[in-house]
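Hydrogens, waters and symmetry mates play no part in the numbers below; they use all other heavy atoms, side chains included.
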Amino acid sequence: MAGYLRPLLAVLMLFCTSPGITAEAQKDPLDSFMWERYRERFLGDTPVRFDQRVRVQAPAFAEDSGQVPIDVDASAFNGRFQRMLLWVELNPIPLVFDYRPLSDGLANLSINVRLEQSSAVRVAVLSDGVWHVGGTRIEGEGGGCTTPGIAKTEDNWSRDFGKIMARRFDHEPGSRVRVKLSHPMDSGLIPSTRPFYVEQVAFIRDGEPAATMAWQASVSENPELALTLKGDSDASYRFQARDNNGNEFDHAIP
């Protein structure tokens with residue numbers, strides 16, 4: 001009997017420890033009916049694990065659905081992750097950004113997003129061939145993606161267009177950079193408007209990209225981003241961006 005049990009036990013142990021089955025085996029902690037759809041769309045066949053080390057903080061209720069602050073802390077993966085995705089499941093444009101840390105990027109950032117309706121918000125961090133997923137749920141009155149923002153209703157919006165404010169602060173284990181860019185970030189979902197949004201962002205060090213992000217129009221108008229980078233106070237960074245109309249923006253971070 002023991003001779004028959006050994007092969008069976010070996011197969012069972014392989015099945016139970018295989019990283020590829022953890023995504024399906026785990027129950028979605030946010031119990032969202034959209035989870036499987038976006039897991040397949042954004043994460044593909046790569047193994048997925050819900051992971052408490054990917055911490056996502058946001059207000060429980062969004063008072064301003066056009067400007068919802070999201071804070072991500074996945075610092076447990078610093079130095080060993082390749083990508084980070086953020087999406088809002090019930091937004092008409094769900095993906096917010098695709099972040100590549102390259103040489104200097106760390107897994108700690110804050111950004112303001114649009115919220116169309118109460119929704120689950122997910123962050124996925126790719127590390128060692130596995131997507132590690134955290135998230136939260138935000139309630140709100142909604143309309144953040146399909147209600148006109150205030151940027152173009154102000155008389156001086158074109159004068160301020162492209163203006164960048166940026167600062168850097170000492171922050172272990174490197175620097176915290178904060179950037180605000182004046183841009184309407186039009187989604188194209190409002191009648192008589194076309195998509196007009198920043199689609200590429202980069203932090204440049206010594207003439208080379210040190211961290212990059214691809215943005216979608218779910219980022220709030222006049223976007224604000226805070227990101228932790230490896231470089232200390234002696235490092236020299238520039239912020240560069242490009243929108244889908246070909247406008248380019250460049251600013252040294254003091």
Side-chain angles (χ1 to χ4, degrees), residues 18-74 77 81-100 107 109-127 129-147 149 185-190 195 197-199 213-221 223 225 244:
S18 172
I21 68 167
T22 55
E24 292 76 12
Q26 289 181 292
K27 176 178 172 57
D28 175 15
L30 299 180
D31 194 25
S32 169
F33 69 95
M34 297 293 286
W35 159 246
E36 283 298 326
R37 174 179 179 180
Y38 287 120
R39 181 187 69 81
E40 294 178 4
R41 178 175 174 182
F42 295 140
L43 310 183
D45 296 328
T46 303
V48 180
R49 295 173 183 163
F50 295 114
D51 196 324
Q52 294 182 351
R53 293 176 296 175
V54 182
R55 297 190 291 273
V56 184
Q57 294 185 328
F61 185 89
E63 295 184 2
D64 182 352
S65 295
Q67 294 280 348
V68 183
I70 305 290
D71 184 79
V72 180
D73 183 356
F77 297 96
F81 77 103
Q82 295 76 52
R83 291 175 68 190
M84 178 188 292
L85 305 179
L86 168 64
W87 70 90
V88 182
E89 287 190 348
L90 296 183
N91 271 4
I93 303 173
L95 188 63
V96 177
F97 66 64
D98 183 342
Y99 167 36
R100 311 289 178 119
L109 62 87
S110 299
I111 194 168
N112 283 16
V113 307
R114 303 175 189 268
L115 182 74
E116 182 60 19
Q117 57 184 298
S118 299
S119 178
V121 178
R122 311 278 187 176
V123 172
V125 176
L126 181 63
S127 176
V130 177
W131 284 107
H132 301 263
V133 178
T136 190
R137 184 178 297 279
I138 305 175
E139 303 295 330
E141 295 181 357
C145 299
T146 53
T147 301
M185 296 296 291
D186 286 332
S187 64
L189 299 173
I190 301 168
Y197 62 93
V198 175
E199 59 181 3
M213 299 180 81
W215 282 1
Q216 298 293 331
S218 284
V219 176
S220 298
E221 66 175 327
L225 171 68
N244 67 323

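In this structure E199 satisfies the side chain to side chain donor-acceptor pair (under 3.5 Å) test with no other residue, sequence neighbours excluded. Listed by chain and number, the residues in a side chain to side chain donor-acceptor pair (under 3.5 Å) with R41 amount to none (sequence neighbours excluded). E89 is linked by a salt bridge (charged side-chain N to carboxylate O under 4.0 Å, His left out) to R122, counting only residues two or more places apart in sequence or in another chain. Residues satisfying the ring pair (Phe, Tyr, Trp, His ring centres under 6.0 Å) test with F81, not counting sequence neighbours, are Y99. Remark: D71 pairs with S110 by the side chain to side chain donor-acceptor pair (under 3.5 Å) rule, at least two apart or across chains. Partners of R37 according to the side chain to side chain donor-acceptor pair (under 3.5 Å) rule, which considers only residues two or more places apart in sequence or in another chain, do not exist here. Listed by chain and residue number, R55, S75, N108 satisfy the side chain to side chain contact (heavy atoms under 4.5 Å, CB included) test with D73 (two or more places apart in sequence, or in another chain). Applying the salt bridge (charged side-chain N to carboxylate O under 4.0 Å, His left out) rule to D98 yields the partners R83, R100; only residues at least two apart in sequence or on another chain are considered. In this structure, the salt bridge (charged side-chain N to carboxylate O under 4.0 Å, His left out) partners of D31, at least two apart in sequence or on a different chain, are K27. For F42, the ring pair (Phe, Tyr, Trp, His ring centres under 6.0 Å) criterion is met by Y38, W87, not counting sequence neighbours. Every residue two or more places apart in sequence or in another chain that forms a side chain to side chain contact (heavy atoms under 4.5 Å, CB included) with P29 is listed here: F50.
Across S118 and E139, no two heavy atoms sit closer than the pair OG-OE1, 3.0 Å. Taking all atoms of both residues into account, the shortest heavy-atom contact from G129 to P47 is O-CD, 3.5 Å. Here the closest non-hydrogen pair linking R114 and D186 is NH2-N, 4.4 Å. The shortest heavy-atom contact between A62 and L115 is CB-CD2, 3.9 Å. When all heavy atoms of P59 and P69 are compared, the closest pair comes out as CD-O, 3.4 Å.
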Derivation of the side-chain contact (heavy atoms from CB on, under 4.5 Å) call for L225 and V219: CA-CA 10 Å; L225 171 68; V219 176; over 6 Å; no
Candidate pair T46 and L126, rule side-chain contact (heavy atoms from CB on, under 4.5 Å), full reasoning: CA-CA 9 Å; T46 303; L126 181 63; 4.1 Å; yes
Test side-chain contact (heavy atoms from CB on, under 4.5 Å) applied to V68 and V88, step by step: CA-CA 11 Å; V68 183; V88 182; over 6 Å; no
M213/M84 under side-chain contact (heavy atoms from CB on, under 4.5 Å): CA gap, chis, key distance, verdict: CA-CA 9 Å; M213 299 180 81; M84 178 188 292; over 6 Å; no
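With a 4.5 Å cut-off on side-chain heavy atoms, Y197 and I93 do not count as touching. In this structure, the side chains of E141 and F61 come closer than 4.5 Å at one or more pairs of heavy atoms.
Side-chain polar atoms of Q67 and N112 form a donor-acceptor pair below 3.5 angstrom.
Rounding to the nearest 0.5 angstrom, the gap separating the CD atom in Q216 from the CG atom in L95 is 5.5 Å.
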Side-chain donor-acceptor pairs of residues 130-138 under 3.5 Å, sequence neighbours excluded:
from: H132; atom 1: ND1; to: D51; atom 2: OD2; distance (Å): 2.9
from: R137; atom 1: NH2; to: L30; atom 2: O; distance (Å): 2.5

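Between the side chain of N91 and the backbone N or O of S218, no donor-acceptor pair lies under 3.5 Å. Checked by atom type and distance alone, the side chain of S65 never pairs as donor or acceptor with a backbone atom of E116 at under 3.5 Å.
Counting heavy-atom neighbours within 6.0 Å of Q57 CD, excluding the residue itself, gives a total of 12 or less.
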